[in-house]
Amino acid sequence: MEIGLVGLGRMGGNMRERLRRKGHTVVGYDRNPEVSDVASLAELVRKLTAPRVVWVMVPAGEPTRQTIHRLGELLDPGDLVIDGGNSRYTDDRVHAERLAERGIGFLDVGVSGGVWGLENGYALMVGGDTRWVELAKPVFDALKPESEYGYVHAGGVGAGHFAKMVHNGIEYGIMQAYAEGYELLRAAEVVENVPEVFRSWKDGTVIRSWLLDLMVRALEQDPDLSGIRGYVQDSGEGRWAVQAAIDHEVPTPVITAALFARFASRRDDSPAMKVVAALRNQFGGHAVTTAAGSTEKGADAPGADVTPPAEASRG
């Protein structure tokens with residue numbers, strides 16, 4: 001079948017290639033003319049045969065909103081727009097309603113697989129009406145893994161991106177657990193070969209996973225991770241998952257802690273830890289490290305001579 005693909009970055013470009021390998025005709029558009037098949041969205045639409053299917057793989061937020069709005073102006077009734085980016089699920093209903101006013105269908109698809117999807121296939125979580133899902137099903141079948149798993153019609157509009165949001169929240173927690181285990185193994189100085197321990201866990205253990213395989217691969221490339229700074233960004237989906245948990249009164253302590261750990265990674269000199277250090281100095285006389293890097297003993301630190309209440313802890 002024919003499909004238009006907007007956004008030919010690392011994932012979009014590989015998706016185009018996988019679809020072509022499966023025999024589908026793909027017309028790709030990207031702002032980078034070196035990878036684009038056409039010069040504009042208008043040309044992309046003209047090259048497709050009705051009913052047209054256009055898959056959007058651009059950054060979430062305003063870039064996606066602008067792209068879908070423009071496609072709504074260019075497409076005809078009976079055509080379909082698929083948002084396969086990491087959009088917030090609350091945006092999906094807005095897009096669906098606006099496109100429906102012109103008789104254009106909309107599906108939201110959470111996509112997982114990263115740079116490995118070209119060879120292994122992409123996990124697809126689809127939200128939207130069954131009519132539109134059936135129109136795009138040949139594309140989903142080509143993109144998904146070869147096994148019986150890796151594809152789900154999760155529900156109505158928004159369900160695909162909501163499922164992907166929760167998926168990414170779980171991913172945060174698993175990665176954080178591996179990371180904390182790695183740090184503990186190194187800090188204890190009991191285990192002599194930390195990378196080999198992780199490698200041994202790849203088979204026969206209850207914590208084996210693809211993420212573990214990728215961690216072993218990373219340690220093979222850089223055994224002590226000295227070439228990597230401990231600074232971790234987030235795509236936004238972890239934040240949305242935590243907010244959704246608050247909205248629905250669902251406790252998600254692991255996902256929340258993993259998100260906050262990423263925030264902590266971005267602070268070379270954490271303001272929060274300054275407060276903790278200052279309070280420990282105040283109530284317990286514990287030594288503090290100054291901004292200049294020197295150490296001041298508790299007795300010399302400001303406020304160290306304040307007499308604490310009798311019931312105060314000196315921990």
Peer 1: For the pair Arg266 (side chain) and Arg262 (backbone), establish whether a donor and an acceptor sit closer than 3.5 Å, ignoring hydrogens and angles.
Peer 2: yes

Peer 1: When you compare the side chain of Arg88 with that of Met165, does any pair of heavy atoms fall below 4.5 Å?
Peer 2: no

Peer 1: Mind listing the closest non-hydrogen atom pair of Trp132 and Gly78 along with its distance?
Peer 2: CZ3-O, 3.5 Å

Peer 1: Identify the two heavy atoms, one from Leu225 and one from Ala218, that lie closest to each other, and give their separation to 0.1 Å.
Peer 2: CD2-O, 4.3 Å

Peer 1: Which is it for Asn14 and Arg18 under the side chain to side chain contact (heavy atoms under 4.5 Å, CB included) test, yes or no, and what are the steps along the way?
Peer 2: CA-CA 6 Å; Asn14 282 346; Arg18 183 173 175 88; over 6 Å; no

Peer 1: Check whether any side-chain heavy atom of Val111 sits under 4.5 Å from a side-chain heavy atom of Leu124, and report yes or no.
Peer 2: yes

Peer 1: Is a side-chain N or O of His161 found less than 3.5 angstrom from the main chain of Gly85, in a donor-acceptor match?
Peer 2: yes

Peer 1: Sequence neighbours excluded, which residues qualify as salt bridge (charged side-chain N to carboxylate O under 4.0 Å, His left out) partners of Lys47?
Peer 2: none

Peer 1: Supply the members, apart from Leu74, of the Ile/Leu/Val/Met/Phe/Trp/Tyr cluster built from side-chain contacts under 4.5 Å; use none for a lone residue.
Peer 2: Val6, Val27, Tyr29, Val38, Leu41, Leu44, Val45, Leu48, Val54, Val56, Val58, Ile68, Leu71, Leu75, Val81, Leu99, Ile104, Phe106, Val157

Peer 1: For Asp92, does its backbone N or O pair with a side-chain atom of Asp108 as donor and acceptor, under 3.5 Å?
Peer 2: no

Peer 1: May I ask you to decide if Gly114's main-chain N or O and Arg10's side chain share a donor-acceptor pair within less than 3.5 Å?
Peer 2: no

Peer 1: State whether the number of non-hydrogen atoms from other residues, nucleotides or ligands found under 6.0 Å of Glu183 atom CD is greater than 12.
Peer 2: no

Peer 1: Using every non-hydrogen atom in the two residues, find where Leu135 and Met1 come nearest and quote the distance to one decimal.
Peer 2: O-CE, 3.7 Å

Peer 1: Using side-chain hydrogen bond (donor to acceptor under 3.5 Å, both in side chains) as the criterion, list what pairs up with Asp203, not counting sequence neighbours.
Peer 2: none

Peer 1: Which residues satisfy the side-chain hydrogen bond (donor to acceptor under 3.5 Å, both in side chains) test with Asp76, sequence neighbours excluded?
Peer 2: Arg52

Peer 1: If we ignore hydrogens and angles and just use 3.5 Å, is the side chain of His153 paired with the main-chain N or O of Gly155 as donor and acceptor?
Peer 2: yes

Peer 1: Any chain of hydrophobic side-chain contacts (each under 4.5 Å) joining Val35 to Trp55?
Peer 2: yes

Peer 1: Taking atom types as modelled, find out whether Ser87 and Asp91 have a side-chain donor-acceptor pair closer than 3.5 angstrom.
Peer 2: no

Peer 1: Heavy atoms only: give me the nearest Ala123-Pro145 pair and the separation to one decimal.
Peer 2: N-CD, 4.3 Å

Peer 1: Less than 4.5 Å apart, side chain to side chain, heavy atoms only: is that true for Glu119 and Arg21?
Peer 2: yes

Peer 1: Given side chains that start at C-beta, do those of Glu171 and Asn168 come closer than 4.5 Å, heavy atoms only?
Peer 2: yes

Peer 1: Taking a hydrophobic cluster as the set of Ile, Leu, Val, Met, Phe, Trp and Tyr residues connected by side-chain heavy atoms closer than 4.5 Å, whether directly or through intermediates, do Met125 and Ile170 fall within one such cluster?
Peer 2: no

Peer 1: Membership question, hydrophobic clusters at under 4.5 Å side-chain separation (ILVMFWY): are Val152 and Tyr89 in the same one?
Peer 2: no

Peer 1: With side-chain hydrogen bond (donor to acceptor under 3.5 Å, both in side chains) as the test, pick out the partner of His69 among Glu73, Gln66, Arg65.
Peer 2: Glu73

Peer 1: Who passes side-chain hydrogen bond (donor to acceptor under 3.5 Å, both in side chains) against Arg208, sequence neighbours left out?
Peer 2: none

Peer 1: Determine, using the 4.5 Å side-chain heavy-atom cutoff (strictly less than), whether Met175 and Val232 are members of one ILVMFWY cluster.
Peer 2: no

Peer 1: Does any part of the side chain of Val216, heavy atoms only, come nearer than 4.5 Å to the side chain of Trp201, both counted from C-beta?
Peer 2: no

Peer 1: Under 6.0 Å from the CZ atom of Arg31, do we count more than 12 heavy atoms belonging to anything else shown?
Peer 2: no

Peer 1: Evaluate the ring planes of Phe198 and Tyr182, with Trp represented by its six-membered ring, and classify them as parallel (under 30°), tilted (30 to 60°) or perpendicular (over 60°).
Peer 2: tilted

Peer 1: Quick one, Leu107 with Phe140, criterion side chain to side chain contact (heavy atoms under 4.5 Å, CB included). Give me CA distance, side-chain angles, the key distance, then yes/no.
Peer 2: CA-CA 12 Å; Leu107 295 175; Phe140 298 148; 3.9 Å; yes

Peer 1: Should the heavy atoms of other residues, nucleotides or ligands under 6.0 Å from CD of Glu62 be counted, would the total exceed 12?
Peer 2: yes

Peer 1: Linking I/L/V/M/F/W/Y whenever any side-chain heavy atoms sit under 4.5 Å apart, do Leu19 and Leu80 land together?
Peer 2: yes

Peer 1: If every non-hydrogen atom of Ala39 is compared with every non-hydrogen atom of Glu43, which pair is closest and at what distance?
Peer 2: N-OE1, 2.9 Å

Peer 1: Would you say that Asn193 contacts Arg199 through its side chain, given a criterion of any heavy-atom pair below 4.5 Å between the two side chains?
Peer 2: no

Peer 1: Using a side-chain heavy atom cutoff under 4.5 Å and only I, L, V, M, F, W and Y, what cluster partners does Phe263 have?
Peer 2: Tyr172, Val242, Ile246, Ile255, Leu259, Phe260

Peer 1: Minimum heavy-atom separation for Pro63 and Ala60, please, with both atom names.
Peer 2: CD-O, 3.7 Å

Peer 1: For Lys22, is there an ion pair with Glu146 - N to carboxylate O distance below 4.0 angstrom?
Peer 2: yes

Peer 1: Could you tell me if the side chain of Pro195 sits less than 4.5 Å from the side chain of Glu220, heavy atoms only?
Peer 2: no

Peer 1: State, with a plain yes or no, whether a side-chain heavy atom of Gln243 is found less than 4.5 Å away from one of Asp247.
Peer 2: yes

